[in-house]
> 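Structure incoming, see below.
Values reported hereafter were calculated over all heavy atoms of this structure, with side chains retained and with hydrogens, waters and symmetry mates removed.
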Amino acid sequence: MNAKRNKGCLRRVIEAFIGFVLVVALIVVGVPAAINAWVCGSTRGSFEQVSQAQAEASTFNADAIVVLGAGINWDGSPSDIRLAEKDRLDTADSLYRAGVAPKIIMSGDNSDSSYNEVMAMAKYAKANGVPAADIFCDHAGLSTYDSMYRLKNVFSVQRCVIVTQEYHLYRAVYDARGFGIDARGVPCDASDYANMDSYEQREFLARIKDFFGIITKMEPQTKSEPVSLNQSGTVTQW
């Protein structure tokens with residue numbers, strides 16, 4: 001009788017343990033997957049092709065086209081993932097020329113004096129004929145989250161068109177909306193990019209981080225005085 005009772009207790013312990021493991025597995029796997037699904041699903045409808053953004057330019061009235069940095073070579077040319085940055089800048093150039101917005105904001109990393117991502121982007125745009133006065137540089141866009149925080153709190157952007165690769169665009173638009181910006185996204189996947197698997201895996205985790213950052217309204221790494229877009233962008237170029 002005692003043996004049967006012991007076996008019954010052991011079985012219940014094993015069943016409880018298995019149940020616990022399954023719950024933990026569901027939390028560890030299911031919650032991140034659900035967050036990613038929400039971030040992507042809630043923003044996908046705001047993606048536009050260049051032609052659509054051009055057609056709706058007069059009704060949307062974007063304050064700026066926002067180009068997010070993708071790294072640069074140390075010689076100052078765009079970019080570490082070369083084609084990715086070039087495609088972002090070329091797409092932004094097309095949108096600007098079509099009158100989608102009167103200004104372009106380059107947002108990226110200039111945390112080191114020898115590494116000025118945004119000025120490399122600005123130089124590329126100016127070489128292609130974009131007036132220097134219409135190019136603003138956000139030197140403290142150290143992350144996508146920081147860039148979107150600063151769009152709202154430094155540059156006072158209310159409406160914008162964000163240009164980056166599609167895998168990255170979900171998070172960028174989500175973050176922008178989290179700060180109250182009416183954001184649309186234009187994907188610029190014009191090329192085949194190296195190491196995309198690793199970038200997409202990293203992006204999966206970054207969406208989770210930013211999801212909670214938006215909830216808590218996490219402060220950015222760098223704060224700055226407000227910058228008005230009603231002036232020449234050259235004041236931000238250094």
> Here's a test for you: under side chain to side chain contact (heavy atoms under 4.5 Å, CB included), which of M121, R88, E117, M106 qualifies with L68?
R88

> Output, in order, the C-alpha distance, side-chain angles, deciding distance and verdict of side chain to side chain contact (heavy atoms under 4.5 Å, CB included) for I105 and L229.
CA-CA 9 Å; I105 299 176; L229 296 180; 4.1 Å; yes

> Same hydrophobic cluster for I181 and I215, using side-chain heavy-atom links shorter than 4.5 Å among ILVMFWY?
yes

> How long is the straight-line distance from NZ of K103 back to CD1 of I135, given to the nearest 0.5 Å?
10.5 Å

> Considering non-hydrogen atoms only, spot the tightest contact between A53 and L95 and give its length.
CB-CD2, 3.8 Å

> Are M148 and L142 co-members of a hydrophobic cluster defined by side-chain heavy atoms under 4.5 Å apart?
no

> Starting from the C-alpha separation in whole Å, work towards a yes-or-no answer on side chain to side chain donor-acceptor pair (under 3.5 Å) for D134 and Y96.
CA-CA 10 Å; D134 291 342; Y96 172 81; 2.4 Å; yes

> Compare every heavy atom of A101 with every heavy atom of A62, then report the nearest pair and how far apart it is.
O-CB, 3.7 Å

> Taking all atoms of both residues into account, what is the closest heavy-atom pair of A183 and I162, and its distance?
CB-CD1, 4.0 Å

> Of T43, T164, V39, which meets side chain to side chain contact (heavy atoms under 4.5 Å, CB included) against V173?
T43

> Strictly distance-based, threshold 3.5 Å: is any side-chain N or O of R207 a donor or acceptor partner for the main-chain N or O of C40?
no

> Any side-chain heavy-atom pair from Q158 and K152 closer than 4.5 angstrom?
yes

> List the atom of S107, the atom of V118, and the distance in Å for their closest heavy-atom pair.
C-CG1, 3.7 Å

> What's the separation between atom CZ in R150 and atom OG in S156, rounded to the nearest 0.5 Å?
12.0 Å

> Please work out whether the ring planes of F155 and F136 are parallel, tilted or perpendicular, with thresholds of 30° and 60°.
perpendicular

> Any sub-3.5 Å donor-acceptor pair from D63's side-chain atoms to V157's backbone N or O?
no

> With a 4.5 Å cut-off on side-chain heavy-atom distances among I, L, V, M, F, W and Y, is there a chain of contacts connecting M218 to I35?
yes

> Taking the side chain as C-beta and beyond, is there a heavy-atom pair between D138 and V154 under 4.5 Å?
no

> Does either side chain, that of R184 or that of S46, offer a donor lying less than 3.5 Å from an acceptor on the other one?
no

> Less than 4.0 angstrom from a charged side-chain N to a carboxylate O is my criterion; do K86 and D90 meet it?
yes

> Might you work through the side chain to side chain donor-acceptor pair (under 3.5 Å) test for D175 and T144, ending with a clear yes or no?
CA-CA 8 Å; D175 288 356; T144 302; 5.6 Å; no

> When rounded to the nearest 0.5 angstrom, what distance separates CD in Q54 from CD in E48?
10.5 Å

> Of the non-hydrogen atoms in V67 and E85, which two are nearest, and what is the gap between them?
CG1-OE1, 4.1 Å

> To the nearest 0.5 Å, what is the distance between CG on N195 and CZ on R202?
9.5 Å

> Under a single-linkage definition using a 4.5 Å side-chain heavy-atom cutoff for Ile, Leu, Val, Met, Phe, Trp and Tyr, are I214 and L169 assigned to the same hydrophobic cluster?
yes

> Does L205 share a hydrophobic cluster with Y174, counting links as ILVMFWY side-chain heavy atoms below 4.5 Å and allowing steps through other members?
yes

> So, Q237 side chain and A132 main chain: donor-acceptor pair closer than 3.5 Å or not?
yes

> Look only at the side chain of Q165 and the backbone of A84, and say whether a donor-acceptor pair between them is shorter than 3.5 Å.
yes

> Out of T236, N110, T222, which one pairs with H139 under the side chain to side chain donor-acceptor pair (under 3.5 Å) rule?
N110

> Does atom NZ of K126 have more than 12 heavy-atom neighbours, drawn from other residues, nucleotides or ligands, at distances under 6.0 Å?
yes

> Treating D93 as the side-chain partner and L89 as the backbone partner, does any N or O pair qualify as donor plus acceptor under 3.5 Å?
no

> Would you say the side chain of D189 lies within less than 4.5 Å of the side chain of D87, judging by non-hydrogen atoms?
no

> So if I apply the ring pair (Phe, Tyr, Trp, His ring centres under 6.0 Å) rule between Y170 and each of F204, W38, F47, F211, which one comes out positive?
F47

> Give me the ring orientation class for F179 and Y149: parallel if the planes are under 30° apart, tilted from 30 to 60°, perpendicular past 60°.
perpendicular

> Give me the atom names and distance for the closest heavy-atom approach of R171 to E203.
NE-OE2, 2.7 Å

> Could you tell me whether Y145 and F212 have their ring centroids closer than 6.0 angstrom?
no

